[in-house]
Amino acid sequence: MIRNDWTQAEIENLYHSPVLDLIYQAATVHRQYHNPQEVQVCTLLSIKTGGCPEDCAYCSQAARYQTGVNVHKLLSVPEVLQKAQEAKESGSTRFCMGAAWREVRDNRDFDRVLEMVKGVNALGMEVCCTLGMLTAEQAQKLKEAGLFAYNHNLDTSESHYGDVITTRTFDDRLKTIENVRKSGISVCCGGIIGLGETDEDRISMLHTLATLPEHPESVPVNALVSIEGTPLENQERVSVWEMVRMIATARITMPQAMVRLSAGRLEMSTEEQALCFLAGANSIFAGDKLLTTPNPEQNADQQLFSMLNLTPRPSFKGESATA
Ligand code: SAM
Ligand code: DTB
Ligand code: SF4
C-alpha cells in the first residue's frame, strides 16, 4: 500500500531500527514492487558548467568558491546528442542534462535546451534535465519538447537548509517540484547526506518526500563529494551504514520510487554497493564522470553488474514513450 501520511515518528522508528532488520524489511518491500535484479543505468552530462550565482555550500560550480572547475558555456546541440548516443551505446537508458543555473530564463539558451530534449528523446532514451528553478510555463514547454523527468533535489531538511544554501529557500524548491508535477513530467527528487546534518534532519527530509501528494518517481540519495574550496571541503565522508539507512528508509516509505545510489559510489567497494542494492537502491549513474567529479569506470560497473547478477532496466518501463 502506498502511503502519503507517514508521521515523522514512524520514519524515525524505521531509520533507527537495527540495521539488519531495516535492510530485511526494505529488501522485502523492494521485492513486492520491483524486480530486484534490475537496476536502472543513467548517464549525466553537464551541459553548462560553473559560474553559478547560488551559494550551495557543497557545490563545485558556485562562482563564489575557488574550486578550479572548468567553466563552460552551454554546449551545442550536436555535442550533446553525440554524448547521448555514446551513453546509449554503453547501455544507459536515461540521459540527464545538468546546467549550473539558479533558474531557467526564457531565452535562446532555453530554446537550445528544448532542442536537446527533442533530440535525446528521439534516440529512445528517457530524457531528464536539472536546470534549477522552473515556472509552470517552462515546465510545460519542456514537457512538450519530450522531457521525461526533471531532477530538483530538496538537498536537506527544511531546518538545515539555511545552513547550506542562503540564495533560495526550501519553499522555492517545493514550488518548482509542484510545477514539474503539474506539467505531467516525472519527478526526480532526493538529497545529499554528509552536509553536517543530524539524523533528525535526514529523517525530516525523507518525511517531506514521503508525504508529498504524490511520491517522486525517482529519489536520488547522494553522499557528499567534498570539493576543495567550498565551505564543506573538510566534511567527513559518510559511512556505508548511513547510506544504507537512508536508502532503506526511502525504499520502505516510497515503495514504487526508483531509489538512486547517486554521488559517492567511487569511494564504495563492490560489497558496500551490494548492501545498498539489497537495501532497495535500484538505479545508478554510470559513466566516468558525474557532473564535475569522477565516477566508477565502465569496466568497474560491468564487473559490478556481472558479480551481482544485475541487469540494466529497459527504458520507459511501464510507460508509453511520449513524443
Ligand atoms: N543547478 C541546478 C540545481 O541546483 O538544482 C542543477 C544542478 S545541481 C549540481 C544538482 C544536484 O546535484 C544538487 O541539488 C545536489 O543535490 C547534487 N550535488 C551537487 N554537488 C554535489 C556534491 N558535491 N556532492 C553530492 N551531491 C551534489
Ligand atoms: C543528483 O541527485 N545527483 C546528480 C544529479 N542529481 C544531477 C549530481 C551529482 C553531482 C556530484 C558532484 C559533481 O559531479 O559535481
Ligand atoms: Fe548552482 Fe546547482 Fe551548484 Fe547550487 S547546486 S551552486 S544551484 S549548480
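Keep in mind that the numbers below use all heavy atoms, side chains included, and drop hydrogens, waters and symmetry copies. Counting starts at 1 for both ligands and their atoms, in listed order. Predicted, not measured: the structure shown is a model, and the values here were computed from it.
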* **Co-membership, hydrophobic cluster, residues L290 and V221, 4.5 Å side-chain** => no
Hey, what polar pairs (N/O, under 3.5 Å) does ligand 1 make with protein?
from     : atom 1 : to   : atom 2 : distance (Å)
ligand 1 : 1 (N)  : A99  : O      : 3.3
ligand 1 : 1 (N)  : W101 : O      : 3.2
ligand 1 : 5 (O)  : R173 : NH1    : 3.4
ligand 1 : 5 (O)  : R173 : NH2    : 3.1
ligand 1 : 14 (O) : D155 : OD1    : 3.0
ligand 1 : 16 (O) : N153 : ND2    : 2.9
ligand 1 : 16 (O) : D155 : OD1    : 2.6
ligand 1 : 23 (N) : Y58  : O      : 3.2
ligand 1 : 23 (N) : V225 : O      : 3.0
ligand 1 : 24 (N) : V225 : N      : 3.0

* Asked: How does L44 reach ligand 2, if at all, at less than 4.0 Å between non-hydrogen atoms: by side chain, backbone, both, or neither?
  -> side chain
* **ligand 2 versus T293: contacting region, heavy-atom distance under 4.0 Å** => both
* Backbone N or O of M116 within a donor-acceptor pair of the R112 side chain at under 3.5 Å? -> no
* Look at atom CD of E228 and say whether more than 12 heavy atoms of other residues, nucleotides or ligands are closer to it than 6.0 Å. => no
* Asked: For K73, does the NZ atom sit with more than 12 other heavy atoms under 6.0 Å from it, leaving out its own atoms?
  -> no
Ligand-residue contact atoms, ligand 2 with [X], heavy atoms, under 4.0 Å:
{"X": "T130", "answer": "7 (C)"}
{"X": "T292", "answer": "13 (C), 14 (O), 15 (O)"}
{"X": "S60", "answer": "15 (O)"}
{"X": "N151", "answer": "6 (N), 7 (C)"}
{"X": "N153", "answer": "1 (C), 2 (O)"}
{"X": "P220", "answer": "2 (O)"}

* Asked: Considering only protein heavy atoms, which is closest to atom 9 (C) of ligand 2, and at what distance to one decimal place?
  -> N222 OD1, 4.0 Å
* Structure fact -> Residue, atom and distance of the protein heavy atom nearest atom 8 (C) of ligand 2 read L291 CD1, 3.8 Å
Distance-only donor-acceptor check, side chains [X] and [Y], under 3.5 Å:
{"X": "S92", "Y": "T43", "value": "yes"}
{"X": "Q140", "Y": "S183", "value": "no"}
{"X": "Y161", "Y": "D155", "value": "no"}
{"X": "S204", "Y": "D201", "value": "no"}

* To do: Kindly indicate whether a cation-pi arrangement holds for R260 with F285, taking the cut-offs as under 6.0 Å to the six-membered ring centre and within 45° of the axis.
  => yes
* Reported CG-to-CE distance for the pair L195 and M205, which is rounded to 0.5 angstrom -> 9.0 Å
* Atoms (protein N, O or S; no water) under 2.8 Å from atom 1 (Fe) of ligand 3 -> 1
Is a salt bridge present between [X] and [Y], judged by a nitrogen-to-oxygen distance below 4.0 Å?
{"X": "K175", "Y": "D172", "answer": "no"}
{"X": "E86", "Y": "K88", "answer": "no"}
{"X": "K83", "Y": "E79", "answer": "no"}
{"X": "E103", "Y": "R168", "answer": "no"}

* May I ask you to list the atoms of ligand 3 that are less than 4.0 angstrom from any heavy atom of R168? => 4 (Fe), 7 (S)
* Asked: Y58 near ligand 2, heavy-atom distance under 4.0 Å?
  -> no
* Angle class for the H152/Y150 ring planes (parallel below 30°, perpendicular above 60°, tilted otherwise)? -> tilted
